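Since the structure comes first, as structure tokens, the remarks are kept for the end.
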2 protein chains.
Amino acid sequence: MDAALRKKIYDFIEEHGLRKTAQRDAIIEAAFSTTEHYTAEDLLSMAKRIEPSVSRATVYRTIPLLVKCGVLREMDFGKEQKYYDPNFVEHPTHNHLICVDCNKIVEFEDRNIETLENCITKRLGFSPASKIIRIEATCDKLKSSGACKNRGKCD
Amino acid sequence: MDAALRKKIYDFIEEHGLRKTAQRDAIIEAAFSTTEHYTAEDLLSMAKRIEPSVSRATVYRTIPLLVKCGVLREMDFGKEQKYYDPNFVEHPTHNHLICVDCNKIVEFEDRNIETLENCITKRLGFSPASKIIRIEATCDKLKSSGACKNRGKCD
DNA sequence: TTAAATGCAAATTATTTGCAGAAGC
DNA sequence: GCTTCTGCAAATAATTTGCATTTAA
């Protein structure tokens with residue numbers, strides 16, 4: 001995990017009178033050990049590998065801290081569970097494309113779309129706070145060659 | 001409710017060997033009696049006003065039909081319940097701006113952003129299927145005059 | 001020492017489902 | 001008459017919470 005990120009989190013913990021515990025440490029470590037998106041349950045099993053005493057309740061209590069700290073983002077991918085995205089610290093304005101053939105999620109950034117969103121928001125009389133774009137799309141490879149290049153890699 | 005919309009729904013019902021019932025009729029009528037977004041529970045009370053025998057179970061069983069029929073869209077506004085948007089028939093490509101001051105939702109359409117989304121999707125090797133933009137923003141009126149013009153009108 | 005954090009198990013809440021009776025075609 | 005629909009109440013599943021105990025500071 002990046003040192004600046006770690007500092008940001010532990011500064012937040014200190015500022016808020018929170019305590020450093022083995023379980024919290026493990027959850028934080030696990031949360032930023034991957035660039036994949038994960039559910040609370042996924043995070044629990046990742047954290048348990050680092051510190052087996054971590055419980056589901058503590059994971060559910062730690063996630064909102066990381067979200068409030070601004071290092072983790074809650075995502076809706078149309079599934080019944082919430083997903084979390086640890087990549088917003090490095091790429092604060094990225095968006096998501098979801099392959100409907102294989103469910104693979106591709107992250108992308110685009111300055112033009114950013115600008116356009118800001119213009120539209122201003123025109124409506126608002127100032128942008130957070131912006132979400134989610135594109136669901138079919139894979140061109142699948143149509144031309146009969147195989148989505150990601151199929152099998154993801155659920 | 002628009003006649004073309006009604007036809008589309010009842011054609012769908014017939015094609016799928018489904019039946020016309022008083023409860024379904026009431027739910028359909030209620031679902032398109034407003035341009036506001038609503039939850040399943042909201043739809044239940046709207047439908048009950050038309051036909052008191054409508055039950056929660058039937059509402060939950062009818063919503064997926066309308067979604068599959070393409071006339072109702074499931075939305076995530078970051079709340080715990082699902083919301084439904086009946087405006088996609090008239091405005092198939094609209095997007096949402098949510099005022100973080102008053103929770104008012106403003107719908108908007110923009111041809112440029114549409115085009116840009118299609119370009120980005122193509123560039124990544126995909127063909128767009130459905131696109132969602134959600135902008136959370138603060139109200140400029142609130143900052144300048146101390147009052148969000150929508151405050152009080154919505155929760 | 002004392003306030004915060006933890007694990008456990010029970011509670012919560014939106015949504016789904018099994019079933020027996022009712023109703024459309 | 002046969003199949004689909006319905007309401008009811010029980011089931012489900014993700015997340016939250018109360019509580020007694022542990023632990024950081």
Side-chain angles (χ1 to χ4, degrees), chain A residues 9-31 37-69 72-84 155, chain B residues 9-31 37-69 72-84 155:
Chain A
I9 296 172
Y10 285 97
D11 283 355
F12 178 92
I13 287 180
E14 202 175 324
E15 282 166 24
H16 288 254
L18 305 176
R19 288 171 185 179
K20 193 174 178 304
T21 69
Q23 292 86 349
R24 230 170 230 171
D25 288 349
I27 295 166
I28 292 166
E29 208 59 39
H37 306 116
Y38 45 77
T39 62
E41 199 64 29
D42 294 336
L43 183 54
L44 172 62
S45 41
M46 295 191 288
K48 266 183 183 298
R49 261 174 251 144
I50 299 171
E51 170 56 58
S53 74
V54 171
S55 73
R56 184 169 290 108
T58 300
V59 168
Y60 275 107
R61 283 190 268 236
T62 302
I63 287 172
L65 297 181
L66 297 175
V67 172
K68 211 171 298 175
C69 179
L72 192 63
R73 197 96 126 227
E74 190 178 304
M75 290 281 111
D76 166 60
F77 292 127
K79 306 283 167 60
E80 60 300 331
Q81 307 135 278
K82 290 173 188 165
Y83 275 76
Y84 297 92
D155 81 357
Chain B
I9 296 171
Y10 285 97
D11 282 356
F12 178 92
I13 287 181
E14 199 174 327
E15 280 165 25
H16 289 254
L18 305 176
R19 289 171 184 177
K20 191 172 179 309
T21 69
Q23 291 85 350
R24 231 171 229 172
D25 288 350
I27 295 167
I28 292 166
E29 208 58 41
H37 307 113
Y38 45 77
T39 63
E41 200 63 28
D42 294 335
L43 183 53
L44 172 62
S45 40
M46 293 190 290
K48 265 183 186 297
R49 260 175 253 143
I50 299 171
E51 169 57 58
S53 72
V54 171
S55 73
R56 185 170 287 108
T58 301
V59 168
Y60 275 106
R61 285 191 267 236
T62 302
I63 287 172
L65 297 182
L66 298 175
V67 171
K68 213 172 296 171
C69 178
L72 192 64
R73 197 96 127 228
E74 189 177 306
M75 291 282 110
D76 167 60
F77 292 127
K79 305 286 165 59
E80 60 299 333
Q81 307 135 279
K82 293 173 188 163
Y83 275 76
Y84 297 92
D155 79 2

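Remember, predicted model here, so these are calculated numbers, not experimental data. Below, read A as the first sequence line, B as the second, and so on, with proteins coming before strands; counting in each chain starts at 1.
Using a 4.5 Å heavy-atom cutoff, the side chains of A/R73 and A/Y84 are not in contact. Looking at heavy atoms from C-beta onward, B/Y83 lies out of side-chain contact with B/E74 at the 4.5 angstrom threshold.
A straight line from CG of A/D25 to P of D/dA25 spans 9 Å, rounded to a whole angstrom. In this entry the distance linking CD of A/E14 with P of C/dA4 reads 15 Å, nearest Å. As a whole-Å value, the separation of B/E74 CD from C/dA14 P is 15 Å. Distance A/Y10 OH to D/dA24 C1': 14 Å, rounded to the nearest Å. One atom, NZ of B/K79, and another, C1' of D/dA14, lie 19 Å apart when rounded to the nearest Å. One interatomic measurement links the two molecules: CZ of B/R24 to P of D/dG7, which rounds to 11 Å at whole-angstrom precision. If you measure from atom CD1 of A/I13 to atom C1' of D/dA25, you get 14 Å, rounded to the nearest angstrom.
Aromatic ring centres of A/H37 and A/F77 lie closer together than 6.0 Å.
In terms of heavy atoms, B/L44 sits closest to B/S55 at CD1-C, 3.7 Å.
Atom-to-atom distance recorded for B/Y38:OH and B/L72:CG is 4.5 Å, nearest 0.5 angstrom. Remark: B/K82 NZ to B/Y60 OH distance equals 8.5 Å, nearest 0.5 Å. In this structure, CG on B/L66 lies 7.5 Å from CD1 on B/I13, to the nearest 0.5 angstrom. With values rounded to the nearest 0.5 angstrom, B/L43 atom CG is found 12.0 Å from B/K48 atom NZ.
Applying the side-chain contact (heavy atoms from CB on, under 4.5 Å) test to A/R61 and every residue at least two apart in sequence or in another chain returns A/A57. When the side-chain contact (heavy atoms from CB on, under 4.5 Å) test is applied to B/Q81, the partners found at least two apart in sequence or on another chain are B/T39.
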Please tabulate, one pair per line, each protein N/O and nucleotide N/O from nucleotides 10-13 of chain C that are separated by under 3.5 Å, including the distance.
none

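Taking a 4.0 Å limit (strictly below) on heavy-atom distances, residues 38-52 of chain B does not reach DNA chain D anywhere.
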Side chains of residues 18-31 of chain A: which donor-acceptor partners sit under 3.5 Å, not counting sequence neighbours?
from	atom 1	to	atom 2	distance (Å)
A/K20	NZ	A/D25	OD2	2.7
A/T21	OG1	A/R24	N	3.0
A/Q23	NE2	A/S53	OG	3.3
A/R24	NH1	A/R19	O	2.8
A/D25	OD1	A/Y10	OH	2.6
A/E29	OE1	A/R6	NH2	3.2
A/E29	OE2	A/R6	NH2	3.1

What does nucleotides 16-25 of chain C look like as a protein-contact string, B for base, S for sugar-phosphate only, - for none, at under 4.0 angstrom between heavy atoms?
BBB----BBS

